[in-house]
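Below is one structure, written out as structure tokens, with a few remarks after it.
Throughout, a chain's letter reflects where its sequence line sits, starting with A, and its residues are numbered from 1. Heavy-atom basis, side chains included; hydrogens, waters and symmetry copies ignored.
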Amino acid sequence: MSKELTKRADDYSQWYNELVVKGELADHSAVRGCMVIKPYGYALWENMRDQLDKMFKETGHVNAYFPLFVPKSLFEAEEKNAEGFAKECAIVTHYRLKTDPDNKGKLIVDPEAKLEEELIIRPTSEAIIWNTYKGWIQSYRDLPLLINQWANVVRWEMRTRLFLRTAEFLWQEGHTAHATKEEAVEETVKMLDVYSTFVEEWMAVPVIKGVKTPNERFAGAEDTYCIEALMQDGKALQAGTSHFLGQNFAKAFDVKFSDKNNKLDYVWATSWGVSTRLIGALIMAHSDDEGLILPPRIAPLQVVIVPIYKGEEGKALVDAKATEIMSGLKALGIRVKYDDSDNARPGWKFAEHELKGVPVRIALGMRDLENNVVEIARRDTKEKSTVSLEGLAGHISELLDEIQANIFNRALKFRDENTREANSWEEFIRLLDEKSGFISAHWDGTPETEEKIKQESKATIRCIPLNNKQEDGKCILTGKPSSQRVLFARAY
RNA sequence: CGGGCGGUAGCGCAGCCCGGUAGCGCACACGUCUGGGGGGCGUGGGGUCGCAAGUUCGAAUCUUGUUCGCCCGACCA
């Protein structure tokens, strides 16, 4: 099978598309815009999901599951939210098919099976969830309500790309209800921190925490917080969002509670989510022209052992040693595979595991057995070394930590080197065209200017960084006074 | 959703203009020599040419429709 990858420098988009498919993470399907997540890609998602789930539970959340379908009347209850998603909704209008009387063997929609009320396939679940919460919340004693769900959602996108933007995707969505505004805001920020910790420490992708401008805000939110990451082509990618919803949904769905003084008030809400899009971020942040580079902490396989031998007797000797090495690694909780399939040469296997981003490869042959050593190759730097079998498991364990740190530091260095300040419109455009990356610049704070900058430069305000330095300056477009810089980039 | 391009064996492609019943490389199976960076030689299997109509004695090839993908644009809370 030809596995030659397009080089990043030749065509970054094509490199990404090929990598997802050749790395066996996902495939296109017979359904427009929908992907099949293959076992290797799903194993990666499971590792991400398991860690996030653990972190959600550690912060007091529980999981539940709400329906895929949302009755149209509920969907439209919160007007801004409904409006925001209206253009990309899939709608169920009928509940039955029948045999086509004019064409036996074919099915048609039974016109008599039209639904009284259309069902929207959830693009997000605020509506159905808040309709449900209404029945669960009466008193301050019922609060806070801290619920998460793992689910699929559908957004009818015009132009799709595997993982980055698909019509259906997997995600988690947290939906919480609180007695006070302060508590809800605190929750919003807390979950943003959970996301940034997860993305940086497990996925090794550095992120910038910030707040979205009103233009970029989630429909129905008072404030949208986000984490933004920078890809190797200099484009930004929103890696997660956390929304302070105010009382908008409580009012739309009439969710009130009695406080300690028996006074009725609407509850305060948050919602937050990350999706399979994170896998796209992971790929574009780390991988190279040889294939995927996966951070050890979430890689489906952390170590692969490739045997090199001649004849059956040779293989038996190598097998025995490999089994011993594996049990040592497994005892430390390391995910390891012994690739002793006989239908590929060692060289082919090396390339294959590099393509799939396995962090560490151990090559084990007769020469190594004689010297009581193995050859270790790390995926991130492609360095090879010969190490003693003595204390091997511990050495590998430390190496995995080192790789995790190195991948993060490399991405951080790239991000920092590609974050620049622009102090004039000319400089702004020049930096965007020549270097791309994040551009920190003054903006007069108006939606009109933001829109105009977007029209003329194709760059958007990714966020106003949290704890942003306050400094007087002039808007790069209008020259009007500004009190702080905001972060611009061309984005996915 | 508009414009352009593409879909022929698991993968990558040729054949199409000029209609006559499908080919190459890799992969796969078997044998053999091999094995420390995508092996060599030999033999062999596999495709209703994306799908559906139409033109024709005959369609991968011409026409129309449709579907999936890629690129550009619009859209993207």
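- Across residues 280-296 of chain A, not one residue has a non-hydrogen atom less than 4.0 Å from an atom of RNA chain B.
- Using C1' as the reference atom, G65(B) and G38(B) are 44 Å apart when rounded to the nearest Å.
- One can place CZ of F85(A) at 18 Å from P of C75(B), the figure rounded to the nearest angstrom.
- E312(A) places its CD atom 15 Å from the P atom of G35(B), with the value rounded to the nearest Å.
- With C1' as the reference atom, A9(B) and C28(B) are 11 Å apart, rounded to whole Å.
- Atom P of U43(B) sits at a distance of 26 Å from the matching atom of G36(B), rounded to the whole Å.
- Looking at residues two or more places apart in sequence or on another chain, you find no side chain to side chain donor-acceptor pair (under 3.5 Å) involving H286(A).
- For residues 368-379 of chain A, the set of pairs meeting the side chain to side chain donor-acceptor pair (under 3.5 Å) definition, not counting sequence neighbours, comprises D288(A)-R379(A), R378(A)-D380(A), R378(A)-T381(A), R378(A)-E402(A).
- Listed by first and then second residue, the salt bridge (charged side-chain N to carboxylate O under 4.0 Å, His left out) pairs involving residues 449-466 of chain A are E228(A)-R462(A) (not counting sequence neighbours).
- Within the structure, every pair that satisfies the salt bridge (charged side-chain N to carboxylate O under 4.0 Å, His left out) test and touches residues 317-327 of chain A, not counting sequence neighbours, is listed here: K315(A)-D319(A), K321(A)-E324(A).
- When the nucleotides C76(B), C28(B), G35(B) are ranked by their closest atom to the side chain of D342(A), G35(B) comes out on top.
- The P atoms of A52(B) and A59(B) are separated by 14 Å, rounded to the nearest whole Å.
- Atom CD in E352(A) sits roughly 12 Å away from atom C1' in A27(B) (whole-Å rounding).
- Taking all atoms of both residues into account, the shortest heavy-atom contact from L400(A) to P359(A) is CD2-CB, 4.1 Å.
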If the sugar-phosphate is the primed atoms plus P, OP1 and OP2 and the base is the rest, what is the B/S/- string for nucleotides 67-74 of chain B, using protein heavy atoms under 4.0 Å? -SSSSBBB
Indicate every side-chain donor-acceptor pair of residues 238-247 of chain A with a distance under 3.5 Å to a residue at least two apart or in another chain.
{"from": "Q238(A)", "atom 1": "OE1", "to": "K212(A)", "atom 2": "NZ", "distance (Å)": "3.1"}
{"from": "T241(A)", "atom 1": "OG1", "to": "H243(A)", "atom 2": "NE2", "distance (Å)": "3.4"}
{"from": "S242(A)", "atom 1": "OG", "to": "T188(A)", "atom 2": "O", "distance (Å)": "2.7"}
{"from": "H243(A)", "atom 1": "ND1", "to": "T224(A)", "atom 2": "OG1", "distance (Å)": "2.8"}
{"from": "Q247(A)", "atom 1": "NE2", "to": "D265(A)", "atom 2": "OD1", "distance (Å)": "3.4"}
{"from": "Q247(A)", "atom 1": "NE2", "to": "Y266(A)", "atom 2": "O", "distance (Å)": "2.9"}

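- The side chain of K87(A) lies closest to C76(B) when the candidates are G39(B), G37(B), C76(B).
- Nucleic acid contact for Q238(A): none, since no nucleic acid atom lies under 4.0 Å from a heavy atom of the residue.
- Following rounding to the nearest Å, N215(A) (CG) and C75(B) (C1') show an atom-to-atom distance of 15 Å.
- Remark: the separation of the P atoms in G6(B) and G10(B) is 22 Å, to the nearest Å.
- Between K454(A) and P346(A), the one whose closest nucleotide on RNA chain B sits nearer the 5' end is P346(A).
- Closest of all the heavy-atom pairs between I279(A) and M48(A) is CG1-SD, 3.8 Å.
- Here the two rings, on F253(A) and Y133(A), have centers that are 6.0 Å apart or farther.
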Base contacts versus sugar-phosphate-only contacts with protein, heavy atoms under 4.0 Å: please encode nucleotides 44-52 of chain B as B, S and - from 5' to 3'. ---------
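- One P atom belongs to U64(B), the other to U55(B), and the distance between them is 15 Å to the nearest Å.
- Here the separation of G35(B) from G50(B), taken at their P atoms, is 43 Å to the nearest Å.
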Would you give me the side-chain donor-acceptor pairs under 3.5 Å for residues 75-87 of chain A, sequence neighbours excluded?
{"from": "E78(A)", "atom 1": "OE1", "to": "K80(A)", "atom 2": "N", "distance (Å)": "3.2"}
{"from": "E78(A)", "atom 1": "OE1", "to": "N81(A)", "atom 2": "N", "distance (Å)": "2.8"}
{"from": "N81(A)", "atom 1": "ND2", "to": "A219(A)", "atom 2": "O", "distance (Å)": "2.8"}

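- In this structure, the ring of W272(A) has its center less than 6.0 angstrom from the ring center of F56(A).
- For the segment residues 358-384 of chain A, residues with any heavy atom less than 4.0 angstrom from an atom of RNA chain B are, sorted by number, R361(A), A363(A), G365(A), M366(A), R367(A), D368(A), E375(A), K384(A).
- Within the structure, salt bridge (charged side-chain N to carboxylate O under 4.0 Å, His left out) contacts touching residues 163-177 of chain A (residues at least two apart or in different chains) are E157(A)-R165(A).
- Atom CG in N343(A) sits roughly 14 Å away from atom C1' in G10(B) (whole-Å rounding).
- Looking at every heavy atom in both residues, I429(A) comes nearest to S457(A) through CD1-CB, 3.8 Å.
- Between the NZ atom of K315(A) and the P atom of U34(B) there is a distance of 19 Å, given to the nearest Å.
- Note: CZ (R345(A)) to C1' (G35(B)) measures 6 Å, nearest angstrom.
- For U61(B) and U21(B), the P atoms lie 14 Å apart once the distance is rounded to whole Å.
- When heavy atoms are screened at a 4.0 angstrom cut-off, G314(A) is found touching no nucleic acid atom at all.
- Shown for residues 218-233 of chain A: residues whose heavy atoms fall under 4.0 angstrom of RNA chain B, namely F218(A), A219(A).
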